[in-house]
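Keep in mind it's a predicted model, so treat the numbers as computed, not measured. Order of the sequence lines sets the chain letters (A, B, ...), proteins ahead of strands, with each chain counted from 1.
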Amino acid sequence: MELAYGHPKSLKPVQSKYCPGCGHGVIHRLIAEVIDELALQERSVITNPVGCSIWADLYFDFDSVQPAHGRTPAASTGVKRMLPDHLVICYQGDGDLAAIGTAEIIHAANRGEKFTTIFVNNAIYGMTGGQMAPTTLVGQKATTAPEGRDPAEAGMGYPIRVCELLATLGGTKYLARGAVNNAANVRKTKQYIKKAFEAQMRGEGFTMVEVLSPCPTNWQMQPVEAEEWLEKNMIPFYPLGEIKNELGGAETKEAAK
Amino acid sequence: MELAYGHPKSLKPVQSKYCPGCGHGVIHRLIAEVIDELALQERSVITNPVGCSIWADLYFDFDSVQPAHGRTPAASTGVKRMLPDHLVICYQGDGDLAAIGTAEIIHAANRGEKFTTIFVNNAIYGMTGGQMAPTTLVGQKATTAPEGRDPAEAGMGYPIRVCELLATLGGTKYLARGAVNNAANVRKTKQYIKKAFEAQMRGEGFTMVEVLSPCPTNWQMQPVEAEEWLEKNMIPFYPLGEIKNELGGAETKEAAK
Amino acid sequence: MPDDKRLMKGNEAIGEAAIRAGCRAYFGYPITPQNELTAYMAKHMLARKRTFIQAESEVSAINMVYGAAATGARSMTSSSSPGISLKQEGISYACGADLPMVIVNVARSGPGLGGISPSQGDYFQSTRGGGHGDYYHLVLAPKSVQEAADLTYEAFDLADRWRMPVMILADGLIGQMMEGVVLPPERDLASLPRKGWAAGHQADTHRPNNHVTSINLVPAELEALNRKRFARYDEIKSSELRFEEVNVEKADLVFVAYGTSARVCLGAMEAAKRAGLELGLFRPISLWPFPHARLAELAAKGKRFLSVEMSMGQMVEDVRLAVEGKAPVDFYGRCGGVVPTEEEVLAEARRLLGK
Amino acid sequence: MPDDKRLMKGNEAIGEAAIRAGCRAYFGYPITPQNELTAYMAKHMLARKRTFIQAESEVSAINMVYGAAATGARSMTSSSSPGISLKQEGISYACGADLPMVIVNVARSGPGLGGISPSQGDYFQSTRGGGHGDYYHLVLAPKSVQEAADLTYEAFDLADRWRMPVMILADGLIGQMMEGVVLPPERDLASLPRKGWAAGHQADTHRPNNHVTSINLVPAELEALNRKRFARYDEIKSSELRFEEVNVEKADLVFVAYGTSARVCLGAMEAAKRAGLELGLFRPISLWPFPHARLAELAAKGKRFLSVEMSMGQMVEDVRLAVEGKAPVDFYGRCGGVVPTEEEVLAEARRLLGK
Amino acid sequence: MTEKTFIAGFGGQGVISLGQLWVYCAMKEGLEVTFFPFYGAEKRGGVARASVIVSDREIASPLVTSPDSSVVMNIDSLPICEEIARPGSAFLVNSSLVKADPKRKDLKVIKIPCNELAESIGDVKIANMVMMGALSKVTGAVKLDKLEAVLRSFFPEAKHKFIPMNMKAIEAGRAAI
Amino acid sequence: MTEKTFIAGFGGQGVISLGQLWVYCAMKEGLEVTFFPFYGAEKRGGVARASVIVSDREIASPLVTSPDSSVVMNIDSLPICEEIARPGSAFLVNSSLVKADPKRKDLKVIKIPCNELAESIGDVKIANMVMMGALSKVTGAVKLDKLEAVLRSFFPEAKHKFIPMNMKAIEAGRAAI
Amino acid sequence: MANKGKPQIDRERCKGCLLCVRACPTKVLAASGEPNSWGYYPSEAVAPDKCIACGNCYTVCPDVAITVYKL
Amino acid sequence: MANKGKPQIDRERCKGCLLCVRACPTKVLAASGEPNSWGYYPSEAVAPDKCIACGNCYTVCPDVAITVYKL
Ligand SMILES: Cc1ncc(C[n+]2csc(CCOP(=O)(O)OP(=O)(O)O)c2C)c(N)n1
Ligand SMILES: Cc1ncc(C[n+]2csc(CCOP(=O)(O)OP(=O)(O)O)c2C)c(N)n1
Ligand code: SF4
Ligand code: SF4
Ligand code: SF4
Ligand code: SF4
């Protein structure tokens, strides 16, 4: 009996505090798998954000730095500049990255900081209990959008496509959007993460993988239902794939879909 | 003898503190002219930013609100929501808008706030004495980029094209880029401002006119030289024209250039 | 029970009181333990067609309030400790521009991210100006849901009267707790005071331009403006002092405590009374202005004081400043989100009294 | 004149001293009156292939420092008052995560945008924690360009020793003024202390993971962490007090002043001496910890105090807390960017002494 | 009369609504009330706690640190409640889930098989209401005579059909004492 | 010896470099020095001021509020300097631009046509150096004997060719007294 | 597709989200009727023979509760 | 182009940037040799006859120092 799929080394064998069916767990595992594959466990630092993934430092089996809400890319900038030969993972939720930390991500990306942002887009604020995120879809309900996100009368704005926004910046070299709604997309997401980490270690510039991820709790759905909702609602609005790939070497480009 | 070109009513007849040849003066005059033409003098509020244009409230002959550095769009949001039938002008420099205030402009724009940002892009920090701005060109010198802006080794990032960045957002309806380097461009810029103000008063959504503007002092040039530098260096990088026009009514679209 | 007594969380009662006080605009960013307040405002402000914006950050929220307040509209923001830190520049600006607004801090434990449990560790920040420059603003500390509602309601009037931000400093327990509350009457927006200094509506009166600003690069002029503001502070110090005294006359030892820790002290006092011991409570309600003079009077009467706080010792400095060595001042504090128990507070009082 | 005495602006001397102390990373955002410091670092850090970043904001800058400091690298930021307000959340985080770093505030006049002239109006913010939660950090106030350089140099050592931010609180005059300065020797980066708690370089020792964080949602645990930090504060209070005394023994009236206002007092003292009047100066150099005990001693000796500040009265509270009513404490302040003159300070002293 | 109750249970067990309904009814009966919930860090799961006080006088500290009555809804809550219960106080245990006995001998332990009773009425989710019935009977502090009206304003219209079932659960709780 | 000098002039007149060079030379001559500039709000134009102190002892306040010598480079600076000059102090006026006389009669007014002298040497821009020469002669506080070396490190290489002209200006200033 | 495999589910680690059930192409998995000690009803292999070791279940599991072996 | 015009420059308002000189298509303007009271050398109409009232000078002037009349 040969082990085909098992627990990655860079992830601790502990029970997480994430809710049942939460995408953070899958994304954690993918990161850990890639770090194992690249043999970087002792040369990795994660900056884990304020948000549900504040717990990330309990699960990843390597060093971590926990900065203020939204300032994760600023802290990652400090970490990476001081540790240029380390893999630095800037893990961010959509509140952290696309709301309070908008300036930080845009400027870190524009400076071409050589860390990788893993952007968990669950279209809601998880930790604080279901407020509207910048990525919340139009009409989607949230505690701060009780009748659903309304860009018109209430002036709540439109969901922001972060990859597309960052693609306009000179410093961004690799921007991809994956999802963890099914096995195929999880696998593809892992490939994006791997490419991004490899590019980071080659020092190419700013890399980011956005991951569409369910938050069953705050979407008020069962986990399976949440996967379906993500497929039906998020993926059409947030197209999957490599949104920008300016990595050196044509072989790294994704085959046209 | 008939008056052909004279001082607009909405601008006070006082000597400004701006340096000789500074673009702020021209831009002020254009705003005042348009307000006169739209007969909005007593229904206008400007939020003047921290930056050389902190003085704007000494020159414009209508109400003003002076907020913290970079938070001009946030303050404008507050003003406009409370005074929906007023013309609200969010005047911003490139440090104010594209550095410290990145989150504020992106989210105000994305919410489709119904004010108009006048974005004075002089590729430098004026008031504080010549530091690098997010819009500083590659190689351009600044006190904080003593050998010129260097995106590569020093990781200073690339000049940001703000109109193009904001164009990706759902709430933006009109984004145009003008310049005040010669009479023709000044006139075109005025037309952009007029369109934006009219659209604001119709309540269409977020409107912005970016204006390429000389800062002879911090560019360390004579004013005429500064105009030439702007023509030769800024305009090629920051294309002029209407970058996004989703205003209602086809007649408002700019004739193709 | 009055018919209109409602069972509400502190956070919700603050929201409802603000709406009734004529709050026309709310700007906030989510943070525990005040999320119910933001959610309440989302629901009820939008339903009333007033302005509710979930801002992109606390920094943005306070500056939105700045803009709205500059037009004379009653407006507010709320947050909890880390978010309030982010608002410090904005608060300093609001004080510099003399803008009325209401700021609610439902404080949690720090420093840094800390925890989400109740704390009184933001006393210094609130009362000494966590922002830059010389300024103060009213700080009111409720001890109950009812008082949270009442003080919030009044805060809007005070802000307008004194042209300054008024902060409601409530800890997480006050925000999260449910109690019965009778809400103040709904204000007619049209009845609210007009503000001659505000931006906008120039067409109505053709008045000269209004400029809302805090800049002045001429030192002598800026100093004059500051001194004028401090003259106003002096008036406030004499007219807006609020505090509550319980059993201070009989007591040998007087607790000094506000908000939740005052409630705990009340419990300890009841237990003490059952044990035949008389303790008193001096509860500042206005933390700025702080009722120094009254404390000094009590000190002169030979009282000793025990400052009980959910912090490592902050308000106790004001007690010491008031008492000026004329009576013993002790401190008992818990922090990190721990709320002291009646039992431990009583034990500390006994220890000090040797009883 | 020592051969290596250089004429420098305070801002530049601070920058050069930081570089010599082994600062590996500087992150800042332009603001008057400290722009020369940022410009100096741009030029000289980049030339040495160290990290210089003009951050997109002060908020970002302090969090970049947070990241760099978390790896154990000596790092710093600088700003002036409004920018320091924006850093308050970050400073609270740094204190909560026990991170060494150096923060320079070349203070200007407030509140709000205020002016760009020198001020000491940020004393409360610096010494009482303008951020949320219970915390303190060292605050050092230079009175000259030489001392600015020396204290900055030392600040990096202190930060490492005590694992906390150290703030250099200089007003705009110290930053803008030129004086002769002899700079401390350049530190070899390799000689700097290793930090076992820092993130990174795990591969070198295969040690257990390091986590730099300030969160703890279990109140009792968070309280324990805070108390441990406060125990460290107590050590600092006994070992890191710095102050200077001039002529306090002979004097009837002792000025208490720091930074620029202390220089002004020295001038007033010289003039007083010429007029046959003995005045003294007590100059706190460490504003936190504040030398309360020594002031109390002087009070016990029957001295009276005049706190002279470029503010509406902030440090005077520490003087009062120290003196506890045992001696008269008066206050003389200018604000808005006005620097008091020797003449007016002397006049005030005379008035108080009735001479 | 002052009755301080401490309630603890698993996240989804209705601990919070038990406490809220309790004080709501008490308020309708003219009493002063406080209710203070405390959650752990987990979004789901973990122990949820509530301090609940009803009194005919003004209430001092809303924190219950020495409860007159304790409600133990699941096994994880047992040690938490045992630690603070006032000697001699009522200690109501949901015996459906809590099979162990408290170690302390100075408590008035009352076992109610809330889950079984609730299931027998029709839904395990109303186990908390069974417990509330028992609490009312044991303490006498809140009569619950206004509960039906309270439930009407507590629940949205669509759920009013469940009110009779809830009332039955209360009765079952009372009867179980 | 302590010499407190207050210098004021138009933005572009070299007021700042006058003060800096003055203290630089003084430092080289072994004196303690302080130099504190103060600008108005304007980027260009407006009055620039500098407090300059040289002394053989530690210097107390760097702010000159009662100057031993004042330097008035343009007409706008005249009232500013007059307001604070110490009675009996030296009051050096650039008579090329300041045609009016000070109103105060208790000052030792010395008029130097700096612009004319500078122009005659070759460049109006060195009017400030003419004034510095005069200041040295009048006060005796700074000998300026190390000025040439100082200028060498003050100016970039490319501008060293202007040093002789600067030295001439100093001499002209001295000679004008 | 000739692969044969065996999924092994850590009952205590599993939170019963059942995403693996949805992901399994051959319907090997289903919810168990017995709660684990957290009160969750974990997934279990109800038709272990059908497993083709595709790893889908492992891949979608947010709690790394599944190990898959190749037989 | 048959227009005839007249530029009028407020010497005290002018900061001598000379952008108007550059903008004028018919070379009406040039720097004056006499400084104004701010020390600036203002622009002046050296060839007023050539003015065609195009308004370019007014349009580029940052200090609104120019008024243009149609004759
Ligand atoms: C300055 C500050 N503001 C607000 C908060 C409260 N807060 C904690 S997490 C969070 C957002 C969480 O949403 P997101 O970033 O999308 O991550 P998720 O929890 O969904 O993974 C907020 C607003 C905070 N801790 N600090
Ligand atoms: C919080 C804060 N940070 C920094 C400053 C200093 N500051 C004043 S203006 C300015 C930038 C000016 O540049 P820009 O916005 O491009 O306007 P310009 O002066 O070029 O017109 C800065 C950084 C400040 N006043 N407040
Ligand atoms: S709240 Fe949402 S994001 Fe947070 S752990 Fe639960 S499911 Fe995941
Ligand atoms: S510094 Fe630049 S932007 Fe500012 S007034 Fe002068 S020219 Fe204009
Ligand atoms: S490995 Fe594939 S076939 Fe086997 S149980 Fe998992 S999902 Fe089903
Ligand atoms: S453009 Fe205006 S300010 Fe400039 S020279 Fe011409 S008239 Fe004078």
Side-chain angles (χ1 to χ4, degrees), chain A residues 47-55 57 64-72 74-75 93-106 124-136 140-158 160 162 218, chain C residues 9 11-12 15 25-64 67-68 77-88 106 108 110-116 172 175-176:
Chain A
T47 57
N48 56 311
V50 178
C52 286
S53 43
I54 189 82
W55 310 125
D57 58 7
S64 74
V65 175
Q66 199 299 298
H69 185 36
R71 319 310 170 184
T72 330
D94 40 35
D96 194 70
L97 181 144
I100 191 170
T102 308
E104 284 73 11
I105 192 67
I106 288 203
I124 200 97
Y125 282 24
M127 184 177 232
T128 41
Q131 293 82 7
M132 189 181 79
T135 51
T136 296
Q140 187 186 338
K141 286 194 179 166
T143 63
T144 48
E147 308 292 325
R149 185 174 193 161
D150 166 21
E153 223 190 310
M156 291 176 175
Y158 296 84
I160 295 180
V162 171
N218 288 301
Chain C
K9 280 204 166 197
N11 284 333
E12 294 168 343
Y26 172 93
F27 308 95
Y29 187 79
I31 185 166
T32 310
Q34 64 83 58
N35 288 317
E36 298 83 2
L37 173 47
T38 311
Y40 194 92
M41 295 309 259
K43 188 155 173 205
H44 296 276
M45 292 288 278
L46 290 174
R48 277 181 175 74
K49 307 258 173 251
R50 299 190 191 172
T51 293
F52 166 87
I53 297 182
Q54 179 181 330
E56 56 273 19
S57 74
E58 291 87 349
V59 173
S60 194
I62 187 77
N63 284 283
M64 289 175 182
T77 185
S78 65
S79 189
S80 179
S81 311
I84 297 289
S85 290
L86 286 172
K87 292 183 198 286
Q88 292 305 319
V106 183
R108 54 190 257 177
L113 188 50
I116 55 175
Q176 292 294 322

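Not counting sequence neighbours, the partners of Ser85(C) by the side-chain hydrogen bond (donor to acceptor under 3.5 Å, both in side chains) test are Gln125(C), His132(D). For Glu56(C), the salt bridge (Lys or Arg N to Asp or Glu O under 4.0 Å) partners are Arg111(B), not counting sequence neighbours.
For Leu113(C), the part sitting under 4.5 Å from any heavy atom of chain A is the side chain, from C-beta outward, and nothing else. For a residue to count as touching a neighbouring chain, one of its non-hydrogen atoms must lie under 4.5 Å from one of that chain's; by this rule Thr102(A) does not touch chain C. Heavy atoms of Ile31(C) lying under 4.5 Å from chain A belong exclusively to its backbone.
Between the OG1 atom in Thr32(C) and the CE atom in Met127(A) there is a gap of 7.5 Å [rounded to 0.5 Å]. One finds the OH atom of Tyr29(C) at 3.0 Å from the NE2 atom of His69(A) (value rounded to the nearest 0.5 Å).
Here the closest heavy-atom approach between residue Gln54(C) and residue Met132(A) is recorded as NE2-O, 2.7 Å. Shortest non-hydrogen contact noted between Ile100(A) and Ser57(C) is CG1-CB, 3.5 Å. Of all heavy-atom pairs between Lys43(C) and Pro146(A), the closest is CA-CG, 3.8 Å.
With contacts defined as side-chain heavy-atom distances shorter than 4.5 Å, the pair Thr144(A)/Met41(C) does not qualify.
Annotation: residues 33-40 of chain C contacts chain A through Asn35(C), Thr38(C), Ala39(C) [non-hydrogen atoms, separation under 4.5 Å].
Legend: salt bridge (Lys or Arg N to Asp or Glu O under 4.0 Å) pairs involving residues 140-149 of chain A, not counting sequence neighbours: none detected.
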